[in-house]
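Computed from heavy atoms alone, side chains included, the values below leave out hydrogens, waters and symmetry copies. Chain letters run A, B, ... following the sequence lines, proteins first and then strands; every chain starts at 1.
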There are 2 protein chains.
Amino acid sequence: MMAAPKLDPIDLKILNAIQRDGRITKLALADKVGLSPTPCWMRLRKLEKAGIVSGYHASIAIRVVAPVATVLMEVTLASHRQADFDRFERVIRDIPEIVACWSVGGGVDYVLKVMARDIDSYQRLVDSLLEREIGIDRYFTYIVTKTVKDETVLPLADLLPPHS
Amino acid sequence: MMAAPKLDPIDLKILNAIQRDGRITKLALADKVGLSPTPCWMRLRKLEKAGIVSGYHASIAIRVVAPVATVLMEVTLASHRQADFDRFERVIRDIPEIVACWSVGGGVDYVLKVMARDIDSYQRLVDSLLEREIGIDRYFTYIVTKTVKDETVLPLADLLPPHS
DNA sequence: CTTGAAAGATGGGGTGC
DNA sequence: GCACCCCATCTTTCAAG
């Protein structure tokens, strides 16, 4: 990792290409972004070293193999000292079935995304959380009945200020 | 894509390895799962062909380059005919800044995850959605103040029934 | 499952513009 | 900055045993 460099339109094209195809070859990438292989490869290396490319991952379509329950959960803590937030977050981070956790403003403290084998497993997970006394005051469960969209590809063009 | 095959423990190891490192070489993968390269490669190909491996993607740490606003949004539609859901979902799917959308049971119809340059951009997006008359009755905004966790790696061992 | 081999990709080097 | 060579090594893919 190093200081965040400015991104020009070619860097953006590189990021967009590897977001969509993480196993694209350096030659095909160079071709796609309109550079020759060497400078393209040097840019990619710089983006990786800067931590802008944080990793490469295969996406698994788990539903092809087995049904899975996805649940969104709102959580409010009983007390709001820094230590209470820290304890809660530390526990959450260690539970693999909790695949996302956002601290939010607006009525509740956290929104979590949980994946489990089924609703029973989800409820057992919740029960075990409540038993562990990690400061949960109230929670609310939204069972996901359909995943309309779940993008791995970020809309970089919309997120980055023009030319960097 | 083909029929869902059963997954044995070695398939699971392969999936876990490529989830964590999408650019691992076939030799290193074979070594890691305790197979020689050819059978390992054939298993991987089968997993890809079956659609269980749905793609390979680079993860971009956008925050290293520029600040980004993440927002969770609850949406309730005004009327609940199939056509109303379809219209809403069709519009949502075409908006890149809406990176996720879950249809849920429990008080509201949808929960959305939106990424935008800042809160202003988010609000403009919401305003444009309301103007488009796609049936939104009420919405509620949760501004994400901290992403505690956002895993790309699924807890396969917890999600799959023992031995397939 | 193993070995082996051909085709291609990678990660450099260097030169010149 | 870039393109256009070069090369040695590794990776991928598949045939044959």
Side-chain angles (χ1 to χ4, degrees), chain A residues 1-61 64-65 152-153 156-157 160-164, chain B residues 1-61 64-66 152-153 163-164:
Chain A
M1 283 219 202
M2 35 187 321
K6 303 282 171 244
L7 301 184
D8 69 12
I10 296 180
D11 292 319
L12 241 181
K13 280 178 128 180
I14 292 175
L15 291 176
N16 266 320
I18 62 175
Q19 272 201 115
R20 292 181 168 79
D21 179 4
R23 301 208 74 163
I24 189 171
T25 67
K26 314 289 186 244
L27 274 83
L29 180 61
D31 188 53
K32 178 165 271 185
V33 304
L35 281 180
S36 57
T38 308
C40 179
W41 174 72
M42 288 192 299
R43 279 167 181 263
L44 178 55
R45 222 155 77 88
K46 189 177 265 181
L47 293 168
E48 290 170 350
K49 289 272 154 73
I52 295 169
V53 178
S54 60
Y56 295 88
H57 306 279
S59 300
I60 310 296
V64 173
V65 187
T152 51
V153 175
L156 297 180
L160 297 175
H163 279 223
S164 108
Chain B
M1 282 215 205
M2 36 187 321
K6 303 283 173 243
L7 302 184
D8 69 12
I10 294 181
D11 291 319
L12 242 181
K13 280 178 130 180
I14 291 175
L15 292 176
N16 266 320
I18 63 176
Q19 273 200 115
R20 292 181 166 80
D21 179 5
R23 300 207 76 162
I24 189 171
T25 67
K26 312 284 188 263
L27 273 83
L29 180 61
D31 188 53
K32 177 167 273 185
V33 305
L35 243 49
S36 55
T38 307
C40 179
W41 173 72
M42 287 192 300
R43 279 165 182 266
L44 178 56
R45 218 154 79 89
K46 188 176 262 181
L47 292 168
E48 289 170 349
K49 288 273 153 71
I52 296 169
V53 177
S54 61
Y56 295 88
H57 307 278
S59 300
I60 310 297
V64 172
V65 186
T152 51
V153 175
H163 280 223
S164 110

Quick note, A:P39 side chain, CB onward, closest among D:dG1, C:dC1, D:dA3 is D:dA3
Name every residue in residues 53-60 of chain B that has at least one heavy atom under 4.0 Å from any atom of DNA chain D, in order of residue number, or write none if there are no such residues. none
Between B:K46 (NZ) and D:dT13 (P), how many Å, whole number? 17 Å
Rounded distance (Å) that lies between atom C1' of D:dG1 and atom CE of A:M42: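 The distance from CE of A:M42 to C1' of D:dG1 comes to 8 Å, rounded to the nearest Å.
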How does protein contact run along nucleotides 6-17 of chain C, one letter per nucleotide 5' to 3', with B for base contact, S for sugar-phosphate only, - for none, heavy atoms under 4.0 Å? ---SBSSB----
Could you grab the distance from atom CG of A:L15 to atom CG of A:D11, nearest 0.5 Å is fine?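 Atom-to-atom, A:L15:CG and A:D11:CG are 6.5 Å apart.
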CG/A:L156 to CG/A:N16 distance, rounded to the nearest 0.5 angstrom?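 So the gap between those two atoms works out to 5.0 Å.
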To the nearest 0.5 Å, how far apart are NZ in B:K49 and CG in B:L44? 10.5 Å
Do any N or O atoms from the side chain of A:S54 and from the backbone of B:S59 form a donor-acceptor pair under 3.5 angstrom? yes
Taken to the nearest 0.5 Å, the spacing of B:K13 NZ from B:D8 CG works out to 10.5 Å
Note, A:V33 side chain near A:R43 side chain (heavy atom, < 4.5 Å): no
Find the distance B:L44:CG to D:dC14:P and express it as a whole number of Å.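 It is 12 Å, rounded to the nearest whole Å.
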When rounded to whole Å, the CG to C1' distance for the pair A:D8 and D:dG1 reads 11 Å
Measuring from B:I14:CD1 to B:L29:CG, what's the distance to the nearest 0.5 Å?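 Between atom CD1 of B:I14 and atom CG of B:L29 there are 5.5 Å.
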Not counting sequence neighbours, which residues clear side chain to side chain contact (heavy atoms under 4.5 Å, CB included) with A:S36? List them please. A:P39
